[in-house]
Amino acid sequence: MRFAPSPTGFLHIGGARTALFNWLYARNAKGTFILRIEDTDRTRSTDEYIDAIIEGMKWLGLDWDEGPFRQTDRFDVYRSYADKLLKEGKAYYCYCSAEELEARRKVAMAQGKSLKYDGRCRDLKEPVPGVTPAVRFRMPQQGQTVVEDLIRGNVVFENEQLDDLIILRSDGTPTYNLTVVVDDVDMRITHVIRGDDHLNNTPKQIQLYQAFGYAVPKFAHLPMILGADKTRLSKRHGATSVMAYYEMGYLPEALVNYLVRLGWSYGDQEVFTRDELIRYFSFENVGKAAAVFNPEKLLWLNSQYIMGTAPEKLAELVRPFLVKEQIITEDQPLDPAWLARAVQTLQERAKTLVELAASLRYYVAEDIIFNEKAKEKFLNEKSRDLLKELKDGVSALSEFSSPELEMLFKAIVEKHGVKLGVLAQPVRVAMTGGTESPGIYEVLEVLGKEKVLRRLEKAISLTG
RNA sequence: GUCCCCAUCGUCUAGCCCGGCCUAGGACAUCGCCCUUUCAAGGCGGUAACGCGGGUUCGAAUCCCGCUGGGGACGCCA
């Protein structure tokens with residue numbers, strides 16, 4: 001199995017899903033997973049993108065056993081394969097220029113005819129002087145080619161539909177259809193798992209395998225991922241780069257889980273561990289229909305994973321986001337146990353690490369940011385006496401913990417004959433600046449006596 | 001235009017291969033209720049789908065044909 005991206009962009013959602021299915025199948029079948037960079041288009045491929053793809057793969061936890069190999073390192077190999085075909089008459093030189101071909105395609109389009117190459121250089125005996133030719137594969141024009149697909153079953157193509165594709169450009173560099181076949185043969189790839197958009201290329205590649213006399217691998221063409229408007233997923237549908245999801249505070253496990261359920265299912269199960277995924281994966285459970293990418297469900301899964309992650313681990317993961325949100329500085333020390341405790345109180349209300357970091361602000365930072373509306377509504381003469389009383393009560397507390405605090409709150413509330421919320425909400429605003437937070441006793445406990453007292457003081461001063 | 005693929009709630013999907021267990025199940029979203037110091041989380045419940053038309057059959061979401069709709073490919077891109 002292999003994942004063979006072309007480095008003409010970041011690792012995107014579609015590519016990640018293809019990589020994931022290859023990886024899953026490789027791990028399930030205890031096979032070898034190879035990463036191969038298809039960079040034969042030198043004008044569009046860059047080293048930065050190669051690094052970006054590797055970064056994305058690593059973040060998702062898709063480790064490979066061999067590679068990354070680069071096709072640009074293997075040009076000699078491809079050329080020798082092309083020469084072999086040329087020698088055997090299975091390929092020929094084509095002297096048509098790119099411009100001529102483009103013009104002919106336009107005419108064909110206008111006449112409503114097939115856009116395939118008209119084969120005019122097929123039987124040329126003499127070279128055309130002054131033109132450096134490209135090399136075309138002589139595609140058989142009779143019979144049929146059958147793609148035996150693990151997901152779609154047999155797909156039949158009439159050979160007369162198949163184009164004499166260019167395998168070597170006029171500058172001598174090989175093209176995709178040649179390089180995949182040569183590499184897949186050389187690297188002993190047994191299963192080619194890729195997007196649906198390659199299905200039409202497959203019969204051509206099968207012909208190439210046969211021309212070389214090699215066995216054809218098994219194919220599995222995955223359904224596409226679409227945007228909400230049912231067109232191919234692209235930038236205008238929102239974030240498509242995998243690493244953008246890192247930036248937005250997603251856990252890689254959540255993305256993997258989401259992606260795998262796009263086109264694959266295992267009964268009614270929605271949440272899977274990595275081991276379960278590997279164990280359960282099978283092409284039989286891969287669907288045929290294209291799937292619409294639904295960010296809301298991904299967000300839900302992310303919240304599930306955040307809830308299910310150990311607070312200590314989450315505390316570690318959230319740290320870079322705390323820095324990015326400028327809540328702490330890069331080298332600011334934070335007690336890991338304390339941070340974990342703080343995270344624990346927030347875990348079930350944060351859907352992303354970004355949200356988690358933002359909520360952590362009122363625990364970590366010295367000064368809180370007041371929501372004006374909340375301040376007006378809860379920090380006023382009505383709450384002043386209650387807050388004062390609480391402050392005195394807190395100062396007198398010998399043990400500062402959640403149960404003690406609860407007793408204190410209950411006593412004050414009872415004495416004044418008011419509901420708990422009448423005291424709790426002003427305190428919440430005093431502590432966090434807003435009206436939404438974890439349970440108030442937890443918040444106070446995490447904050448610690450000193451901070452609580454300071455904030456009460458400050459809040460009381462704001463009431464009048 | 002030509003070729004290829006696909007078609008179950010708004011979305012992801014189960015069921016389809018091997019017709020009856022389907023008055024079509026689950027999940028996200030949405031709506032309502034419960035819990036409750038807020039927000040969540042959680043629990044309970046609701047709305048919501050077999051694209052259409054023909055067959056085959058005692059019986060079709062499931063099999064066959066057509067239509068419609070959607071997607072993809074048609075590069076000296078991958």
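So that the names make sense, note that chain A is the first sequence line, chain B the second, and so on, each numbered from 1.
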* To do: For A:N201, answer base if it contacts any base atom (sugar-phosphate contacts may also be present), sugar-phosphate if it contacts only those atoms, and nothing otherwise; contact means non-hydrogen atoms under 4.0 Å.
  => base
* To do: Please evaluate the base of B:G72 for a donor-acceptor partner in the side chain of A:D196 within a cut-off of under 3.5 Å?
  => no
* Nucleotide opposite B:C3 in a Watson-Crick or G-U pair, distances under 3.5 Å -> B:G72
* Nucleotide paired to B:G59 in any strand shown, Watson-Crick or G-U, under 3.5 Å -> none
* To do: With the side chain counted from C-beta on, respond yes when A:M57 and A:L62 share a heavy-atom pair under 4.5 Å apart, and no when they do not.
  => yes
* Nucleotide nearest A:R136 when distance is taken to its side chain, options B:A78, B:C76, B:U37 -> B:C76
* Same-atom distance (C1') from B:G15 to B:G69, integer angstrom -> 23 Å
* Asked: Base, sugar-phosphate, or nothing: which does A:G263 touch, judged by heavy atoms less than 4.0 Å apart?
  -> sugar-phosphate
* **Same-atom distance (P) from B:G51 to B:A60, integer angstrom** => 15 Å
* **Distance, C1' atom - from B:G19 to B:C50, rounded to whole angstrom** => 15 Å
* Is any side-chain N or O of A:S170 under 3.5 Å from a base N or O of B:C76, one able to act as donor and the other as acceptor? -> yes
* What is the pairing partner of B:C28, taking Watson-Crick or G-U wobble pairs with both distances under 3.5 Å in any strand? -> B:G10
* Look at all strands and tell whether A:L115 reaches a base, only sugar-phosphate, or nothing, counting heavy atoms closer than 4.0 Å. => base
* Can you tell which of B:U37, B:G42, B:A29 lies closest to the side chain of A:I440? -> B:U37
* Can you find an N or O donor on one side and an acceptor on the other, under 3.5 Å apart, linking the side chain of A:E270 with the base of B:G26? -> yes
* Rounded distance in Å - CG (A:L162) to P (B:C4) -> 11 Å
* To do: Tell me what A:K377 touches on the nucleic acid: a base, only sugar-phosphate, or nothing, going by heavy atoms under 4.0 Å.
  => nothing
* Are any of the side-chain nitrogens in A:R169 or A:D41 under 4.0 Å away from the carboxylate oxygens of its partner? -> no
* If you pin A:R105 and A:S265 to their nearest nucleotides in RNA chain B, which one's is more 5'? -> A:S265
* Asked: In terms of side-chain heavy atoms of A:D197, which of B:G75, B:U38, B:G72 is nearest?
  -> B:G72
* Asked: Under a 3.5 Å cut-off for both distances, is B:U37 Watson-Crick or wobble paired, and to whom?
  -> none
* Flag yes if more than 12 heavy atoms outside A:K373 fall under 6.0 Å of its NZ atom; otherwise flag no. => no
* To do: Specify the separation, in whole Å, of atom NE2 of A:H221 and atom C1' of B:C4.
  => 11 Å
* Across the strands shown, which category fits A:R152 at heavy-atom distances under 4.0 angstrom: base, sugar-phosphate, nothing? -> sugar-phosphate
* Using a strict 4.0 Å threshold on nitrogen-to-oxygen distance, state whether A:R2 and A:D184 make a salt bridge. => yes
* Structure fact -> Checking B:U37, B:G70, B:G75 against the side chain of A:D163 (C-beta onward), the nearest is B:G75
* Structure fact -> The nucleotide from B:C5, B:U38, B:G26 with an atom nearest the side chain of A:R349 is B:U38
* To do: Using a 4.0 Å heavy-atom cut-off across all strands, classify A:T231 as base, sugar-phosphate, or nothing.
  => sugar-phosphate
* To do: Looking only at side-chain atoms of A:N294, point me to the closest of B:C77, B:G10, B:U37.
  => B:G10
* Is there a Watson-Crick or G-U wobble partner for B:G51 with both distances under 3.5 Å, and which nucleotide is it? -> B:C67
* Flag for A:T345-A:Y363: side-chain donor and acceptor within less than 3.5 Å -> yes
* Looking only at side chains, do A:E158 and A:Q144 share a donor and an acceptor under 3.5 Å apart? -> yes
* Is the distance between the ring centroids of A:Y25 and A:H191 less than 6.0 Å? -> yes
* **Whole-angstrom distance between B:U8 and B:A14, as gauged at atom C1'** => 10 Å
* Looking only at N and O atoms, is any donor in the side chain of A:R44 or the base of B:C77 less than 3.5 Å from an acceptor on the other one? -> yes
* To do: State which of B:C77, B:C28, B:G26 makes the closest approach to the side chain of A:D41.
  => B:C77
* Using a 4.0 Å heavy-atom cut-off across all strands, classify A:T8 as base, sugar-phosphate, or nothing. => nothing
* To do: Look at all strands and tell whether A:C94 reaches a base, only sugar-phosphate, or nothing, counting heavy atoms closer than 4.0 Å.
  => nothing
* Asked: Quantified in whole Å, what is the C1' atom distance between nucleotide B:G55 and nucleotide B:C74?
  -> 36 Å
* Provide the distance between the two P atoms, one in B:U62 and one in B:U56, to the nearest whole Å. => 15 Å
* Asked: For A:P438, which contact category applies under a 4.0 Å heavy-atom criterion: base, sugar-phosphate, or nothing?
  -> base
* To do: Have a look at A:L262 and say if it touches a base, only the backbone sugar-phosphate, or nothing, with a 4.0 Å heavy-atom cut-off.
  => sugar-phosphate
* For A:H198, answer base if it contacts any base atom (sugar-phosphate contacts may also be present), sugar-phosphate if it contacts only those atoms, and nothing otherwise; contact means non-hydrogen atoms under 4.0 Å. => base
* To do: Assign A:E160 to base, sugar-phosphate, or nothing according to its heavy-atom contacts below 4.0 angstrom with the strands shown.
  => nothing
* **Output field: ring centroids A:F283/A:F21 closer than 6.0 Å** => no
* Asked: Start at the 5' end of RNA chain B and walk down; is the nucleotide closest to A:V156 or to A:T175 reached first?
  -> A:V156
* Taking atom C1' in both B:C76 and B:C17, what distance in whole Å separates the two? -> 44 Å
* Go through B:C6, B:C5, B:A29 for me and flag the one nearest to the A:A289 side chain. => B:C6
* Asked: So, A:Y250 versus A:Y305, ring centres under 6.0 angstrom or not?
  -> no
* Structure fact -> Ranking B:U38, B:C28, B:G71 by distance to the side chain of A:Q425, first place goes to B:U38
* Structure fact -> From the candidates B:C4, B:A78, B:A40, the one with an atom nearest any side-chain atom of A:R169 is B:A78
* Between atom CG in A:D183 and atom C1' in B:A78, what is the gap in whole Å? -> 13 Å
* **Inter-nucleotide P distance (B:G32, B:A40), Å rounded** => 13 Å
* Across the strands shown, which category fits A:Y258 at heavy-atom distances under 4.0 angstrom: base, sugar-phosphate, nothing? -> nothing
